[in-house]
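These numbers come from the heavy atoms of this one structure, side chains and all, not from hydrogens, waters or symmetry mates. We count residues from 1, following the sequence as given. These figures come from a predicted structure and were not determined experimentally.
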Amino acid sequence: MFVSDCRREFYDVIVNQRVLLLVASDVDALCACKILQALFQCDHVPYTLVPVSGWQELETAFLEHKDQFKYFVLINCGANVDLLEILQPEEDAFFFVCDSHRPINVVNVYNDTQIKLLVKQDDDLDVPAYDDIFRDEEDEEEDSENESDGSEPSEKRRRFEEDVIERTMKRRQRREWEARRREILFDYEQYEYHGTSSAMVMFDLAWIMSKDLNDMLCLTFQSQLQVNVALLVLHAPAAPNCILCSTEMQYRRATEEVLVLEFCYYFLRLALYQHWSLYESLCNTSYTSASLKLWSVQGQKRLQEFLADMGLPLKQVKQKFNSMDMSLKENLREMIEESANKFGMKDLRVQTFSIHFGFKNKFSASDIVYATVSLMENVEKEGPETTNFIKALDSLSRGNLDKLHQGLDLAKKQLRAIQQTVASCICTNLVISQGPFLYCSLMEGTPDVKLFSKPVSLCLLSKYLLKSFVCSTKNKRCKLLPLIMAAPMDVEQGTVIMVGIPPETESSDKKNFFGRAFEKAADSTNSRTLHNHFDMSIIELKAEDRSKFLDALISLLS
């Protein structure tokens, strides 16, 4: 059931209860969790936080804690499946689900007792009507045996014939209704996509409650087309002032006590460039790398020509951005935009937010997203499995700048690994057309292949690779195809992780049909798959079953 008043129907219900927070391992979920934690701390709400990376961990966490809790808050997990069927809870357990995954399972929508869905009221959900998908079981009454013994045989025969006709009509109507129901559900569940971010929903709750938000500050929100997160939060140990301004406004210099939110009308679409060298950022940003075709010798020449056209010496662009001459930095955006247009990079300018505090701390929204993702998917073992989650969560706190900087360093390594892998795949022709989709598989022994056993890293690689392939191929049909990418998951168990992403288009509609396609292909071939990820378009598969699974996908999507 949808919650119409988050404060009254959600927060006021749990504020005096012990709550179990089950939080997915993605940036949006971390931000939503951070906001909710700040609210809980304000009102002294006792809670336990458990990170969950997939359905198995969600089920395990619920089973371990179901006897201690009656109120469960799920962030970015649980909306797109029949939650009660999976968890089998007692009738006195209540679930508040704040999840950006779409479509929302219809059973969750129409359960008005145990499932409460926290979504933006203006989201376009297109949920089917109740009567179109649910139908009460009809009682089959057999009247023939209950007729009075005094009835004439001809009267009994007439009633029997009428009853047969009536039952035949009802069966036909039921078959038609069931066929229409399957069609409606297929249309509704066919595509997977994301709605308003969970962090935005939680921030709206905080706004409605008129909290001063002393322990939580809005950092930014960025286009979901780029980073799939609309709101980041920064945890403040004290109660600082916040100044909101734009690049065209004069504002007070930020100090450690004052946080400045700056809306940037013109921000360079270059990954981490304020914390890297301009040269490294140009080489490892998907947009510039694909546009210039930097995996080729000709592409490297174009990069040199691009820098020369801007009038930037190599010595300047290869040193840290903060160390560049001020005269160059002040005019950098204008210089880059003018030259970028000449080299076909007309979208090098984006709008975003950045945050300033202290005299040298300045971060854009994408900086923090890159850092947080890298911390969450760090492949270097440093303790329990939840260590990465806690570090990523802590990096959103202003008092933990060391973790944020560690995340930025890891993000640079991740971006280099992605670009090197993209270059290798393009140069060795690993991307092949399978008819209705493109396919690329990384082999064991590929450099950094362990990193790409992580879902978000593999998704980033897939998007970067598809963009680069579209820029490099001359086949017009291939430019319109989606991509399936596979990487080794667990060598000992012989499994691979596989992700499907939609075509690289200018459209803002990024709905993904691979989730349902993967399920049908696995069922039709009895492939040994594990649909453990909250994103249905990511699965784990036995390497031995890969061929028949792909054959089924080709047949299904052709």
Side-chain angles (χ1 to χ4, degrees), residues 26-27 30 220 222 226-229 232 267-292 294-295 299-300 303 307 312 314-324 329 332 336 348 350 352 354-355 360-382 387-388 391-392 394-396 400-425 446-465 467-468:
D26 65 67
V27 179
L30 285 177
T220 183
Q222 176 134 336
Q226 295 176 3
V227 294
N228 193 28
V229 63
L232 294 174
F267 192 83
L268 293 177
R269 190 178 177 180
L270 298 175
L272 307 177
Y273 77 92
Q274 296 179 122
H275 310 279
W276 216 348
S277 71
L278 190 62
Y279 185 83
E280 288 275 18
S281 183
L282 283 166
C283 290
N284 294 290
T285 296
S286 170
Y287 179 71
T288 51
S289 175
S291 299
L292 296 172
L294 294 183
W295 53 84
Q300 290 295 324
L303 175 60
L307 294 173
L312 291 176
L314 276 179
K315 183 179 179 181
Q316 288 289 325
V317 296
K318 288 191 174 183
Q319 63 182 334
K320 272 198 164 185
F321 180 78
N322 288 336
S323 302
M324 287 179 65
K329 286 199 292 185
L332 182 63
I336 286 184
L348 201 56
V350 295
T352 185
S354 65
I355 189 170
K360 59 179 180 179
N361 299 310
K362 182 176 181 179
F363 305 96
S364 70
S366 58
D367 291 340
I368 298 181
V369 171
Y370 280 124
T372 307
V373 167
S374 297
L375 286 169
M376 271 195 299
E377 299 206 332
N378 185 10
V379 293
E380 300 172 4
K381 292 292 183 181
E382 297 182 7
T387 301
N388 287 351
K391 280 189 174 182
D394 287 346
S395 72
L396 296 175
N400 289 318
L401 280 176
D402 56 332
K403 289 186 174 64
L404 182 57
H405 285 294
Q406 181 188 356
L408 291 173
D409 291 337
L410 288 171
K412 294 172 188 176
K413 293 179 182 178
Q414 181 191 53
L415 288 171
R416 287 195 191 100
I418 287 174
Q419 290 307 131
Q420 289 168 5
T421 306
V422 167
S424 175
C425 292
T446 303
D448 302 300
V449 72
K450 189 176 180 182
L451 172 64
F452 302 122
S453 66
K454 302 294 184 180
V456 178
S457 297
L458 184 61
C459 287
L460 280 176
L461 172 63
S462 303
K463 291 174 182 178
Y464 284 23
L465 178 59
K467 183 184 292 289
S468 298

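S374 approaches A411 most closely through the heavy-atom pair OG-CA, 3.0 Å. Taking every heavy atom of both residues into account, A271 and T285 meet most closely at N-OG1, 2.8 Å. Residue W295 comes nearest to A423 through the heavy atom pair CB-CB, 3.6 Å, listed as atom of the first residue, atom of the second, then distance. When every heavy atom of Q419 is checked against every heavy atom of N284, the shortest pair comes out as CG-CA, 3.5 Å. Of all the heavy atoms in H275 and D367, the pair that sits closest is NE2-OD2, 3.0 Å. Scanning all heavy atoms of the two residues, the minimum distance from K412 to L272 falls at CG-CD1, 3.9 Å.
Here the OG-CG distance, from S395 to L404, works out to 6.0 Å after rounding to the nearest 0.5 Å. Taking CG of L375 as the reference point, atom NZ of K403 lies at 9.5 Å (rounded to 0.5 Å). Annotation: the span from N378 atom CG to L451 atom CG amounts to 9.0 Å, rounded to 0.5 Å. With rounding to the nearest 0.5 angstrom, the CG atom of L307 is 9.0 Å from the CD1 atom of I336. Rounded to the nearest 0.5 angstrom, Y370 OH and L460 CG are separated by 7.0 Å. In this structure, D402 CG and K391 NZ are separated by 9.5 Å, a value rounded to the nearest 0.5 Å.
Two residues are said to be in side-chain contact when any heavy atoms from C-beta on lie closer than 4.5 Å; Q414 and V373 meet this criterion. Residues L348 and L270 meet the side-chain proximity criterion, which asks for heavy atoms closer than 4.5 Å. Side-chain contact between V317 and L282 is absent, with no heavy atoms from C-beta onward closer than 4.5 Å. Taking 4.5 Å as the limit, some side-chain heavy atom of L303 sits within range of a side-chain heavy atom of L294. Annotation: side chain of Q274 is in contact with side chain of K362 (closest heavy-atom distance under 4.5 Å). Here the side chains of C425 and T421 are in contact, with some heavy-atom distance below 4.5 Å.
Remark: K329 qualifies as a cation-pi partner of F321 under the 6.0 Å distance and 45° angle criteria applied to the six-membered ring.
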The test is side chain to side chain contact (heavy atoms under 4.5 Å, CB included); show your working for V27 and M376 and say whether it passes. CA-CA 9 Å; V27 179; M376 271 195 299; 3.9 Å; yes
Test L415 against W276 for side chain to side chain contact (heavy atoms under 4.5 Å, CB included), laying out the working first. CA-CA 12 Å; L415 288 171; W276 216 348; 3.9 Å; yes
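Under a 3.5 Å cut-off, the side chain of S462 and the backbone N or O of L458 do form a donor-acceptor pair. Judged purely by atom type and a 3.5 angstrom limit, S291 has no side-chain atom pairing as donor or acceptor with the backbone of T288. Remark: the backbone N or O of A417 is not paired with any side-chain donor or acceptor of D448 at under 3.5 angstrom.
Between Y273 and F267, the distance separating the two ring centers is shorter than 6.0 angstrom.
With sequence neighbours excluded, no residue satisfies side-chain hydrogen bond (donor to acceptor under 3.5 Å, both in side chains) with N388.
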